[in-house]
Trainee: 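Please read through the structure below; I'll follow up with questions.
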Amino acid sequence: MFLELKAQATSILKEAIQKVGFEVEDSELQFETSPHADLASRAAFRLAGIHKQNPKELASRIVSALEIPEGSYIGEVSAAGPYINFFAGRHYLERTVSAVREEKEKFGCGAPKDRILLEHTSANPNGPLHVGHIRNSIIGDTLARILRRAGYDVEVQYYVNDMGRQIAVVSWACELFELDLSRKSDAAIADVYIKANVELEKNPEYVKEIDALMEKVEVGDVRTIEQFNQAVSLAVAGIKETLLRLNVVHDKFVSESSFLKSGAVQDIVERIRATGRTKTDKGALVVDLSDYGFEKTLVIQRSNGTSLYTTRDLAYHGWKAGQADRIIDIFGADHKLISGQLRATLNSIGIKEPEVVIFEFVSLPEGSMSTRRGQFISADELFDKVTEAAFEQVETRRPETSYEFKKEVAEMVGIGAVRYDIVRVSPEKSTVFNWKEALDFEKQGAPYIQYSHARACSILEKAKEEAAWNPEEEINPSLLVEDSEIDLIKKMAMFGSIIDHGARELKPHILAIYARELADAFNQFYRFVPVIAAEDEKVRASRLALVDCARIVLANSLDTLGIGAPESM
RNA sequence: GGGCUCGUGGCUUAGCCAGGAUAUAGCGCUGGGCUUCUAACCCAGACGUCGGGGGUUCAAAUCCCUUCGAGCCCGCCA
């Protein structure tokens, strides 16, 4: 709705500026959201600079020339010094309320758009996901949800490394040590993987055994491949379970080895060779990317002829490029360089490059996390502790409820808190994990937003019981005139533009901030405006409708954040 | 040594790419509010050289240069 408001302001302002005698592009209107108006333009600054005029005077001339058409969302425009301030009118507020009531869970959705292939998580199957990995999952999953709501046809993939060196070590470890199958399968894999790495460190001779395994896989040795697969599928099964609990689902798991089998890896090597930018360096095949600004060459084939992760990834991206209009990858900061080289190489052979979203590291107070060294906090452990802490909270706050209720709410609140905590900060900030903060529900996080939703549900529930509410009833939105009602409506109206913005910039944290502000607006309304106790029947009906709208937009926001929306908590 | 990212009240953080009106919000701190739709809430208050320095501009948290600090990367690992 806000996007429409902006579009109307754009055309009104542009017309007025023309009347005053200037030509402007849309981008020169310099709109911004502001505490002083619903939409403010700094166009007078810009025009004054170009045409050597007084910006204040120009602003008031433009405002006098301005005409607001009948039925516009704009109610009023005024000049405040050099600023041109636009204020939404009643029509905008009332239209927003009816739009939410009509569109319900579809409110905020964009028109159908292109097909997107989004890859996220793709952690190596050498152990369970840890708290660093889930930053990838949460950013990726939230983006996928935002893009879907924005109208894109999104397919989400997990790229499974089932043949790299680390996996060879895993497979080797499974032969050497007994798997503890009483544990979750990915944790059992990590145990032997960590032990194997200790062995490798002690006895570097073993490296030859790993090399041998990798060569066997590359040439298609059935038994070795079978062993790799067994180890990989154990780890992947555990990872999937963890992701499911996080409310993250992938449409497809694509394995690296499939590109070797299909010959795609060989094909891509030939294509790169054909550009003439490859050469042999100590027996290895390398690509010269100096014209793309990369000083060091990129190795795409070992001297023994085997492929590398990068080579298979190139083949994977070649395959992806053929099936979608946009390719999006979510990578950790350690992949910055390699993803740049990947993009350059793809560009050099005319394959569509992925858009890469980079997030910085989550480390521990004692340093960065490492599966190999066993230095990590697994996502499962975090989920267990956080839901346990949430359970205690429900128990103190709602002692009268059933065990099942408490469990269900604790799961939604705990997992929601984890997701929100991670998604709320912009990806380029590196963070240090700390238990105290992770388990703290006092701050304005997911539980705060969920609580607002539950409050809205509770009012509606009570009204239904008293037979005082019919959701389909015609209401008169012009009765919603309190400040906190208007603020709430305006906040709801922003939802679509937040989705649009997040999708355009691939920035999920924008939505997290918005959801909190929406909850803020609802809580203020809740505090100041009585709903069920409203004396006038028509006013009560309108307010109930508004509560229902808030409930819908809060639920839509939470859903897009991948966070559960409890009706009671 | 080179490259990328970050540095905003005690702590966490928005705003920075597209420079403009009193710098966003939470935690913590001080004080207030539950016989009234769930107090996981609300209200009020204190706390800021936007890392330091220089520059561009009518105007800089935002752009440029420089410097300091933190993280990540610079493998025939992934």
Side-chain angles (χ1 to χ4, degrees), chain A residues 27-28 30 32 34-37 40 42 45-46 48-49 55 80-83 85 122-124 126 161 164-167 169 256 281-286 293-296 299-310 312-313 332-338 340 358-361 363 368 372 390 393-394 396-398 413 417 421 424-432 434 437 440-452 454-463 466 505 509-510 512-513 516-517 519-520 522-524 526-534 543-544 547 568-569:
Chain A
S27 63
E28 292 177 297
Q30 313 245 314
E32 63 183 0
S34 142
H36 310 281
R42 306 189 309 260
F45 271 121
R46 167 166 271 267
Y83 296 91
N85 287 337
S122 302
N124 283 331
N126 56 6
N161 169 7
R165 169 159 248 110
Q166 296 185 33
I167 302 314
V169 174
E256 248 184 88
D281 183 2
K282 291 178 208 138
L285 189 67
V286 302
F294 296 99
E295 277 184 37
K296 297 206 174 166
V299 182
I300 55 170
Q301 207 165 59
R302 295 192 183 94
S303 48
N304 66 8
T306 57
S307 62
L308 290 94
Y309 164 83
T310 313
R312 290 166 240 134
D313 208 18
D334 53 340
H335 280 64
K336 250 182 254 184
L337 177 61
I338 192 70
I358 298 283
F359 65 94
E360 294 288 328
F361 266 48
S363 52
S368 59
R372 182 170 52 79
Q393 292 284 329
V394 190
T396 37
R397 292 168 203 273
R398 303 292 301 278
V413 166
D421 221 32
R424 63 181 245 274
V425 317
S426 51
E428 61 268 17
K429 295 243 195 216
S430 49
T431 60
V432 178
N434 112 34
E437 238 166 72
D440 179 12
F441 299 112
E442 293 309 308
K443 56 183 186 234
Q444 259 178 10
Y448 175 76
I449 303 160
Q450 291 171 315
Y451 184 65
S452 309
R455 272 182 153 178
C457 290
S458 160
I459 293 177
L460 300 173
E461 192 54 39
K462 190 157 255 179
E466 293 172 11
E505 310 258 326
H509 76 282
I510 297 173
I513 307 276
R516 199 210 65 225
E517 289 173 353
D520 254 341
F522 178 74
N523 280 324
Q524 270 164 51
Y526 181 92
R527 162 72 179 75
F528 290 112
V529 182
V531 178
I532 292 174
R543 288 181 183 166
L544 280 166
V547 171
S568 171
M569 67 185 267

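To find a chain, count down the sequence lines: A is the first, B the second, and so on, and within it residues start at 1.
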Trainee: With rounding to the closest Å, how many angstrom separate the P atoms on B:rC41 and B:rG26?
Mentor: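 Between the two P atoms, the distance is 11 Å.
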
Trainee: Ignoring the backbone of A:Gln166, work out which of B:rC37, B:rA78, B:rC72 is nearest its side chain.
Mentor: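 Shortest atom-to-atom distance from the side chain points to B:rA78.
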
Trainee: In the structure I gave you, are the side-chain heavy atoms of A:Phe361 and A:Thr431 within less than 4.5 Å of one another anywhere?
Mentor: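 When only atoms from C-beta onward are counted, A:Thr431 and A:Phe361 do not touch, as no gap falls below 4.5 Å.
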
Trainee: For A:Lys296 and B:rC73, is the shortest distance between a side-chain N/O and OP1 or OP2 below 4.0 Å?
Mentor: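 No, A:Lys296 has no side-chain N/O under 4.0 Å of OP1/OP2 on B:rC73.
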
Trainee: With sugar-phosphate meaning primed atoms plus P, OP1 and OP2, does A:Ala533 contact a base, only sugar-phosphate, or nothing at under 4.0 Å between heavy atoms?
Mentor: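 Contact class for A:Ala533: none.
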
Trainee: Taking atom types as modelled, is there a side-chain donor on A:Arg398 or A:Ser568 under 3.5 Å from an acceptor on the other?
Mentor: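 Yes.
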
Trainee: Provide, to the nearest angstrom, the distance between the CZ atom belonging to A:Arg455 and the P atom belonging to B:rA39.
Mentor: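 So the two atoms are 5 Å apart, to the nearest Å.
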
Trainee: Just to be sure I understand the rule, does A:Arg372 reach a base, reach only the sugar-phosphate, or reach nothing, if contact means heavy atoms closer than 4.0 Å?
Mentor: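 Here A:Arg372 touches no strand at all.
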
Trainee: Give me the distance, rounded to whole Å, that separates B:rA14 from B:rA25 when you measure between the P atoms they each carry.
Mentor: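 Taking atom P in both B:rA14 and B:rA25, they lie 14 Å apart.
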
Trainee: Of the nucleotides B:rA78, B:rU8, B:rC37, which one has an atom closest to the side chain of A:Arg312?
Mentor: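 Shortest atom-to-atom distance from the side chain points to B:rA78.
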
Trainee: Between B:rC4, B:rU13, B:rC27, which one does the side chain of A:Asp440 approach most closely?
Mentor: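 Per side-chain heavy atoms of A:Asp440, the pick is B:rC27.
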
Trainee: Measure CD/A:Glu32 against P/B:rA18 and give the value in whole Å, please.
Mentor: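 Answer to the nearest Å: 15 Å.
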
Trainee: Assign A:Val531 to base, sugar-phosphate, or nothing according to its heavy-atom contacts below 4.0 angstrom with the strands shown.
Mentor: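 The answer is base, as A:Val531 lies within the cut-off (heavy atoms under 4.0 Å) of a base atom.
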
Trainee: Base, sugar-phosphate, or nothing for A:Asn126, non-hydrogen atoms under 4.0 angstrom?
Mentor: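 Nothing, no nucleic acid heavy atom in range.
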
Trainee: What is the pairing partner of B:rG45, taking Watson-Crick or G-U wobble pairs with both distances under 3.5 Å in any strand?
Mentor: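 Result: B:rC29.
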
Trainee: Once you round it to whole Å, what is the distance between C1' of B:rC37 and CZ of A:Phe528?
Mentor: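 Distance check: A:Phe528 CZ to B:rC37 C1' gives 15 Å.
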
Trainee: What nucleic acid atoms does A:Ala463 come within less than 4.0 Å of, heavy atoms only: base, sugar-phosphate, or nothing?
Mentor: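 No contact.
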
Trainee: Whom does B:rA23 pair with, Watson-Crick or G-U wobble, provided both distances fall under 3.5 Å?
Mentor: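 Paired with no nucleotide.
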
Trainee: Which nucleotide, if any, forms a Watson-Crick or G-U wobble pair with B:rA70, using both distances under 3.5 Å?
Mentor: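 Pairing partner, where one exists within any strand: B:rU5.
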
Trainee: Which nucleotide wins on minimum distance to the side chain of A:Ile459, given the candidates B:rC37, B:rA78, B:rC76?
Mentor: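 Nearest listed nucleotide: B:rC37.
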
Trainee: Just checking A:Val547: base, sugar-phosphate only, or nothing, at a heavy-atom cut-off of under 4.0 Å?
Mentor: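 Result for A:Val547 = nothing.
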
Trainee: May I ask you to say what A:Leu308 touches in the nucleic acid, namely base, sugar-phosphate or nothing, with a heavy-atom cut-off under 4.0 Å?
Mentor: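 Sugar-phosphate, no base atom in range.
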
Trainee: Taking B:rC72 as the reference, what is the distance to B:rG33 when you measure between their C1' atoms (whole Å, please)?
Mentor: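 It works out to 48 Å between them.
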
Trainee: Base, sugar-phosphate alone, or nothing: which one does A:Lys462 contact when heavy atoms must sit under 4.0 Å apart?
Mentor: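 Contact class for A:Lys462: sugar-phosphate only.
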
Trainee: Hey, does the side chain of A:Tyr448 come within less than 4.0 Å of B:rA25's phosphate (OP1/OP2), counting only N and O?
Mentor: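 For B:rA25, neither OP1 nor OP2 has a side-chain N or O of A:Tyr448 closer than 4.0 Å.
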
Trainee: Could A:Glu360 and A:Lys336 be called an ion pair, given the rule that one side-chain N must be under 4.0 Å from one carboxylate O?
Mentor: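 Counted as a salt bridge, because a side-chain N and a carboxylate O are separated by less than 4.0 Å.
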
Trainee: Once rounded to the nearest 0.5 Å, what's the spacing between atom CG of A:Asn124 and atom CD of A:Glu256?
Mentor: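 One gets 8.0 Å once the value is rounded to the nearest 0.5 Å.
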
Trainee: Nearest-Å distance, NZ (A:Lys336) to C1' (B:rA78)?
Mentor: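 Between C1' of B:rA78 and NZ of A:Lys336: 17 Å.
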
Trainee: Could you measure between the two C1' atoms, the one in B:rG20 and the one in B:rG15, and give it in whole Å?
Mentor: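 It comes out at 14 Å once rounded to the nearest Å.
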
Trainee: Can you find a donor-acceptor N/O pair under 3.5 angstrom joining the side chain of A:Ser430 to the base of B:rA70?
Mentor: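 For A:Ser430, whose side chain was compared with the base of B:rA70, there is no donor-acceptor pair (under 3.5 Å).
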
Trainee: Between B:rC42 and B:rG3, how far apart are the C1' atoms? Round to whole Å, please.
Mentor: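 One C1' to the other, the span is 50 Å.
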
Trainee: If you measure from the ring centre of A:Phe45 to the centre of the six-membered ring in the base of B:rG20, is it under 5.5 Å, with the planes under 30° apart?
Mentor: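 Stacking between A:Phe45 and B:rG20: present.
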
Trainee: Show your reasoning for whether side-chain contact (heavy atoms from CB on, under 4.5 Å) applies to A:Phe522 and A:Arg455.
Mentor: CA-CA 9 Å; A:Phe522 178 74; A:Arg455 272 182 153 178; 4.0 Å; yes

Trainee: Give the rounded distance in Å between these two atoms: CD1 of A:Ile513 and P of B:rU24.
Mentor: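 Going from A:Ile513 (CD1) to B:rU24 (P), I get 14 Å.
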
Trainee: Classify A:Val169 by what it touches in the nucleic acid, base, sugar-phosphate, or nothing, heavy-atom distance under 4.0 Å.
Mentor: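 If one applies the 4.0 Å heavy-atom cut-off, A:Val169 turns out to touch nothing in the nucleic acid.
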
Trainee: Over how many whole Å does the gap from A:Leu337 atom CG to B:rG71 atom C1' extend?
Mentor: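 Nearest whole value for this atom pair: 16 Å.
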
Trainee: When we call it a touch if two heavy atoms are under 4.0 Å apart, what does A:Gln524 touch: a base, just sugar-phosphate, or nothing?
Mentor: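 Sugar-phosphate: the residue A:Gln524, judged by heavy atoms under 4.0 Å, touches backbone atoms but no base.
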
Trainee: Closest nucleotide of RNA chain B for A:Arg516 versus for A:Ser426: which of these residues is on the 5' side?
Mentor: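 Counting from the 5' end, the first nearest nucleotide belongs to A:Ser426.
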
Trainee: Checking only heavy atoms, does the side chain of A:Asn85 share a donor-acceptor pair with the base of B:rA21 at less than 3.5 Å?
Mentor: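 It does, because a donor-acceptor pair links the side chain of A:Asn85 to the base of B:rA21 below 3.5 Å.
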
Trainee: Between A:Ala333 and A:Pro447, which residue's closest nucleotide on RNA chain B lies nearer the 5′ terminus?
Mentor: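 Here A:Pro447 is the residue nearer the 5' end.
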
Trainee: For A:His509, which contact category applies under a 4.0 Å heavy-atom criterion: base, sugar-phosphate, or nothing?
Mentor: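 The answer is sugar-phosphate, as A:His509 gets under 4.0 Å only of primed atoms, P, OP1 or OP2.
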
Trainee: Starting from P on B:rC72, measure out to CZ on A:Phe361 and report it in whole angstrom.
Mentor: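 These atoms are roughly 7 Å apart.
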
Trainee: I'd like to check A:Val299 versus A:Leu308 (side-chain heavy atoms, cut-off strictly below 4.5 Å). Are they in contact?
Mentor: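 SC-SC contact between A:Val299 and A:Leu308 confirmed.
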
Trainee: Given B:rA21, B:rG71, B:rA78, which nucleotide is nearest the side-chain atoms of A:Tyr309?
Mentor: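 Within the option list, the nearest is B:rA78.
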
Trainee: In whole Å, what separates the P atom of B:rU12 from that of B:rG7?
Mentor: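 One P to the other, the span is 12 Å.
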
Trainee: What about A:Ser303, does its side chain sit under 3.5 Å from the base of B:rC76 through a donor-acceptor pair?
Mentor: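 Donor-acceptor pair under 3.5 Å: yes.
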
Trainee: Considering only B:rC76, B:rU13, B:rG20, which nucleotide approaches the side chain of A:Arg42 most closely?
Mentor: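 Nearest listed nucleotide: B:rG20.
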
Trainee: When we call it a touch if two heavy atoms are under 4.0 Å apart, what does A:Arg397 touch: a base, just sugar-phosphate, or nothing?
Mentor: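 Answer is base: heavy atoms of A:Arg397 come under 4.0 Å of a base.
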
Trainee: Send over the distance from A:Glu428 CD to B:rC4 C1', rounded to a whole Å.
Mentor: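 Answer to the nearest Å: 12 Å.
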
Trainee: Suppose we screen for ring-ring contact (aromatic ring centres under 6.0 Å, His included). Which residues come up paired with A:His335, at least two apart in sequence or across chains?
Mentor: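 So A:His335 forms a ring-ring contact (aromatic ring centres under 6.0 Å, His included) with A:Phe331.
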
Trainee: Side chain of A:Thr431 only, please: which of B:rU13, B:rA18, B:rU22 is the nearest?
Mentor: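 When the side chain of A:Thr431 is considered, B:rU13 is the closest of B:rU13, B:rA18, B:rU22.
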
Trainee: Between A:Asn434 (side chain only) and A:Glu437 (backbone N and O only), is there a donor and an acceptor less than 3.5 Å apart?
Mentor: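 Yes, because the side chain of A:Asn434 sits within donor-acceptor range (under 3.5 Å) of the backbone of A:Glu437.
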
Trainee: For B:rC77 and A:Arg165 - does any side-chain N or O of the residue sit under 4.0 Å from the phosphate oxygens OP1/OP2?
Mentor: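 Affirmative; the distance criterion is met.
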
Trainee: Evaluate whether the aromatic ring of A:Tyr83 and the six-membered ring of the B:rA21 base sit under 5.5 Å apart, centre to centre, with an inclination under 30°.
Mentor: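 Yes, A:Tyr83 stacks on the base of B:rA21, since the ring centres sit under 5.5 Å apart and the planes are within 30°.
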
Trainee: Under 4.0 angstrom, heavy atoms only, what part of the nucleic acid is A:Ser27 near: base, sugar-phosphate, or nothing?
Mentor: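 Nothing, no heavy atom under 4.0 Å.
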
Trainee: Around A:Glu466, counting heavy atoms of other residues, nucleotides and ligands shown, do more than 12 lie under 6.0 Å from its CD?
Mentor: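 More than 12 within 6.0 Å, yes.
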
Trainee: B:rA61 and B:rU13: how far apart are their C1' atoms, nearest whole angstrom?
Mentor: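 Looking at atom C1' only, B:rA61 and B:rU13 are 14 Å apart.
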
Trainee: Just to be sure I understand the rule, does A:Val394 reach a base, reach only the sugar-phosphate, or reach nothing, if contact means heavy atoms closer than 4.0 Å?
Mentor: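 It contacts base atoms.
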
Trainee: For B:rC27 versus B:rA18, give the span between their P atoms, rounded off to a whole number of Å.
Mentor: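 Taking atom P in both B:rC27 and B:rA18, they lie 35 Å apart.
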
Trainee: Verify whether the ring centers belonging to A:Phe441 and A:Tyr448 lie closer than 6.0 Å.
Mentor: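 No, ring centres 6.0 Å or more apart.
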
Trainee: Could you please name the option among B:rA18, B:rC42, B:rA40 that lies closest to any side-chain atom of A:Asn523?
Mentor: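 Among the listed nucleotides, the one closest to the side chain of A:Asn523 is B:rC42.
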
